[in-house]
Amino acid sequence: MNRASALPAPDFVEQQPDEPRRPSLSERARAAVAPPAAGPGGYMAGLNPEQRQAVEATEGPVLVLAGAGTGKTRVLTTRIAHLIATGKAWPSNILAVTFTNKAAREMKERIAALVGPAGEGMPWLGTFHAIGTKVLRRHAELVGLRSDFTILGVDDQLRLLKQVITADGIDEKRWPARALASFIDGWKNRGLQPKEVPPGEAASFANGRGAALYTAYQERLKTLNAVDFGDLLLECLRLWRDNPDVLEQYHNRFRYILVDEYQDTNVAQYLWLRLLAQARKNLCCVGDDDQSIYGWRGAEVDNILRFEHDFPGATVIRLERNYRSTGHILAAASGLIARNQDRLGKTLHTEDEPGDKVTITGAWDSEEEARLISEEIEAIQARKERLSEVAVLVRISAQMRELEDRFVQLGLPYRVIGGPRFYERAEIRDALAYLRATAQPADDLAFERILNVPKRGLGEACLQRLHAHARAARVPLMQAARYLAESDEMKPKPRKALRDLMASFDRWRSLMDRTAHHDLAAQILEESGYTDMWQKEKSADAAGRLDNLKELVRSMEEFPDLAAFLEHISLVMDANETEGQDRVSIMTLHAAKGLEFDTVFLPGWEEGLFPNQRALDENGRAGLEEERRLAHVGLTRAKKRARIYFATNRRVHGLWNTTVPSRFIDELPEAHVEVTEAPAAYSAGRASRFEGMTPFGSSYATPGWQRAQARAASGGGFGASQWTQAAGMADEDSRGGFSDDGYSGRWGDGSSRSRYNEGFGTSTRGPRKGPGGRSGPMLIEGEILAKSTGAPSAYEIGNRVLHLKFGPGTVAAIDGNKLTVDFDKAGRKMVLDSFVERAG
DNA sequence: TATCGCGGTATTTTT
DNA sequence: TACCGCGATA
């Protein structure tokens with residue numbers, strides 16, 4: 001429904017690229033009727049002085065350092081409105097770049113709200129990649145492509161690389177395609193074409209074959225008329241450098257350039273912007289060096305740190321007034337980030353009240369941590385606060401599972417944000433491959449992908465044969481297939497399968513101009529046996545996949561034809577957000593950037609996990625600082641409450657490890673933080689306050705679960721300082737040598753750390769198997785009972801149901817709103833009926 | 001050609 | 001522990 005507006009409108013009515021576009025009639029009429037007003041009550045209303053300055057400094061290079069919650073997007077959108085309102089530029093003269101489709105969409109909406117109805121405004125507002133695509137499609141022939149080039153997803157890219165590697169006679173097991181992909185991505189991020197790769201780096205893959213493989217890969221892409229994500233920027237650079245006249249067109253067109261999240265730009269993007277901005281120099285970059293968390297993906301904090309140097313005479317404006325968080329939260333976050341050396345430095349302040357202090361809570365293990373969090377959330381729920389204002393932000397997705405398990409048991413509604421993107425999902429890419437193969441018979445990658453999906457007996461052997469023939473005859477795979485289906489080179493069975501498949505493609509292709517493209521898509525998925533394949537599959541996510549396919553078909557209606565759909569699909573499809581329901585959000589810290597919640601839970605603040613050992617090992621101080629920025633991002637997501645947790649024991653790759661609280665905890669300014677008392681329910685062991693609290697505590701003779709209780713009870717007894725003392729030795733080491741030694745023992749390799757944990761069993765097969773062991777099930781049972789309403793269930797024994805996590809199953813017994821279900825895959829479980837739906 | 005079981009591996013992931 | 005990808009099997 002709002003997907004229509006969610007997808008950037010296909011730009012069918014573009015003007016000629018040569019001259020700056022004249023405003024359309026409606027644009028002129030609208031401007032005449034309702035000019036946005038800058039005065040009181042106008043678009044400038046409510047801006048603070050710095051924000052206003054950022055809006056009005058239209059000429060020359062401008063860097064807006066916008067701290068978390070300081071109204072960054074507001075400035076950006078108002079600035080665009082201002083440019084338009086003052087007649088300095090038409091919407092089509094403004095280039096506004098974002099990183100995500102979501103950000104682009106939001107900006108579009110907000111601008112529409114400021115300057116007038118949506119519709120044709122801002123044709124050049126979009127992601128780097130979307131705009132790069134648009135540019136390339138216009139000048140494709142100048143970089144050796146056709147304008148209908150396809151954009152490869154990561155999986156296509158990997159398959160292609162695998163082929164390239166094997167074709168070079170290299171053992172793909174020793175030199176995996178994934179590794180090469182990350183090399184190539186790295187080079188592309190830095191704007192390097194194959195011949196520009198430093199020899200030393202090229203040598204590090206497959207005994208010096210790196211650069212050659214990169215070259216071969218690029219050649220394969222050109223043959224296939226395809227590009228990968230990196231090329232969308234890289235090819236623009238090549239285009240503009242080799243064709244000054246084309247670059248000049250864009251200089252004339254883009255009179256003002258705005259960039260969102262500048263701290264996340266990589267070298268290629270920097271070069272891209274510099275080329276475009278060099279003529280008029282009206283470049284406005286908005287960002288926050290303290291929120292740069294994508295260094296590992298090629299983002300260069302340096303771009304923002306060097307801005308004044310790169311663009312001489314730049315105006316730098318700092319937005320430091322925070323409109324989001326209460327005082328203590330902001331002060332805690334500021335105190336933490338102040339420890340970073342590589343930063344331009346901002347001091348956030350708020351006029352809001354101090355509010356609650358940031359809390360720190362220690363838990364015995366990750367299970368208890370999940371329990372404490374879920375209990376707090378239940379309290380929030382009981383207070384009738386909205387769950388959509390609550391988020392749990394984790395460092396790594398592996399942390400999510402325990403939380404999810406817990407939430408499922410309690411019946412707490414949650415949603416996981418992130419995960420695989422809609423268009424990256426296997427079923428979507430398969431469906432797209434069918435459509436591509438139908439619309440573009442020369443699309444070998446697409447054809448190869450679906451040749452044996454669903455299984456039709458056309459396996460590896462058949463594919464090899466097709467390849468051989470295609471290569472020999474220099475024709476696309478599809479054509480080779482057609483030939484082989486008629487020749488007698490193949491055994492009867494596969495031959496018939498191939499012939500049937502080709503007949504199907506012919507039929508679909510003949511329907512293309514007679515059938516609505518979305519109906520055709522549905523028909524293709526049906527007749528190819530693809531939907532059948534998932535219907536037969538009994539796994540938990542099969543139903544979801546079928547839904548996704550339906551969603552895909554539905555979203556096609558928004559486009560005029562198949563070609564238009566395929567052109568835009570790879571860049572703009574978003575995960576279908578099931579909004580509207582009141583749920584707790586669980587996501588990684590990375591995914592949380594740009595969001596805000598009343599209450600934010602931050603579990604897992606432990607050395608090794610957060611800051612992450614690997615980040616430390618691989619990037620030393622820079623890695624540590626990026627982790628610290630991540631912590632800062634996490635804290636600044638909170639409007640009213642931020643709660644930090646750490647667990648003393650956590651299972652890593654299946655082994656139990658004893659952990660030390662994160663150094664970030666000790667780095668928080670004490671005045672704005674409090675260490676929580678354990679909830680009354682767990683105060684049974686209060687006396688044993690000093691037991692079980694250190695990683696090498698004396699209490700290991702006590703059964704695990706008892707220690708957990710004691711530990712929780714003593715929660716308030718030891719502040720950060722006590723921890724520092726208790727864990728002093730480990731702490732010192734971990735601080736000293738994060739890049740090479742001391743505590744370097746990689747997490748999960750107990751060897752070098754066991755000296756801190758003598759007798760404790762750093763890595764065991766489960767510390768909690770003592771008598772009484774897991775008191776868990778009992779407790780859980782109790783909770784389920786407590787929540788049971790006793791109301792008659794809507795289900796009957798024998799009903800087929802579908803569960804969020806466990807997949808399809810049959811109801812075996814009913815007790816109020818509790819169901820006992822025999823799941824096809826997961827076995828017998830007891831679940832709340834609100835967690836299942838009827839399976840058709 | 002499909003399936004089983006073994007071993008290796010295990011951050012973060014805007015496009 | 002859990003998953004994935006590959007090689008050995010039927």
On DNA chain B, check which nucleotide each of A:H129 and A:A461 is closest to and give me the residue with the more 5' one. A:A461
Tell me, which pairs form a salt bridge (charged side-chain N to carboxylate O under 4.0 Å, His left out) where one or both residues lie in residues 449-458 of chain A, sequence neighbours left out? A:D155-A:R449, A:D430-A:R449
ring-ring contact (aromatic ring centres under 6.0 Å, His included) involving A:F149 - partner list, sequence neighbours excluded: none
Using the test side chain to side chain contact (heavy atoms under 4.5 Å, CB included), find all partners of A:A179 that sit at least two apart in sequence or belong to another chain. A:P176, A:F205
For atom CE of A:M533 and atom C1' of B:dA2, their distance in whole Å: 15 Å
Please collect all side chain to side chain donor-acceptor pair (under 3.5 Å) contacts where either partner lies in residues 489-499 of chain A, sequence neighbours excluded, each pair once. A:K496-A:D500
Just how far, in rounded Å, is C1' of C:dG5 from CG of A:L158? 13 Å
Going by salt bridge (charged side-chain N to carboxylate O under 4.0 Å, His left out), name the residues that satisfy it together with A:R629, two or more places apart in sequence or in a different chain. A:E626
I'd like to know if A:R456 reaches the base of B:dT1 with its side chain such that a donor and an acceptor end up less than 3.5 angstrom apart. no
Length of the line joining A:N657:CG and C:dT1:C1', which is rounded to integer Å: 13 Å
Ring pair (Phe, Tyr, Trp, His ring centres under 6.0 Å) between A:Y270 and A:W272: does it pass, once the steps are laid out? CA-CA 5 Å; A:Y270 164 77; A:W272 194 92; over 10 Å; no
Given atom NZ of A:K491 and atom P of B:dT1, what is their separation to the nearest angstrom? 7 Å
A:D228 CG - B:dT14 P separation (whole Å): 16 Å
So, using ring-ring contact (aromatic ring centres under 6.0 Å, His included) as the criterion, who are the partners of A:Y214 when residues are at least two apart? A:W187
Where the chi angle of B:dT12 falls, syn if within 90° of 0 and anti if not: anti
Nearest-Å distance for atom pair CZ/C1', residues A:F149 and B:dT15: 14 Å
Using whole Å, what does the distance between atom P of nucleotide B:dT1 and atom CD of A:Q464 come to? 11 Å
Which atom pairs link the protein and nucleotides 6-12 of chain B when you take only N or O atoms and keep those under 3.5 Å?
residue	atom	partner	partner atom	Å
B:dT12	OP1	A:S397	N	3.0
B:dT12	OP1	A:S397	OG	2.6
B:dT12	O4'	A:R395	NH2	3.4
B:dT12	O2	A:W296	NE1	3.4
B:dT12	O2	A:R395	NH2	2.5

Separation of B:dT14 atom P from A:L595 atom CG, nearest Å, is 13 Å
Please list each protein N or O that sits under 3.5 Å from an N or O in nucleotides 6-10 of chain C, with the distance.
none

OP1 or OP2 of B:dT15 less than 4.0 angstrom from a side-chain nitrogen or oxygen of A:N101, does that happen here? yes
Tell me yes or no: between the side chains of A:E369 and A:Q399, is some donor less than 3.5 Å from an acceptor? no
Non-neighbouring partners of A:Q263 that pass side chain to side chain donor-acceptor pair (under 3.5 Å), sequence neighbours left out: A:E261
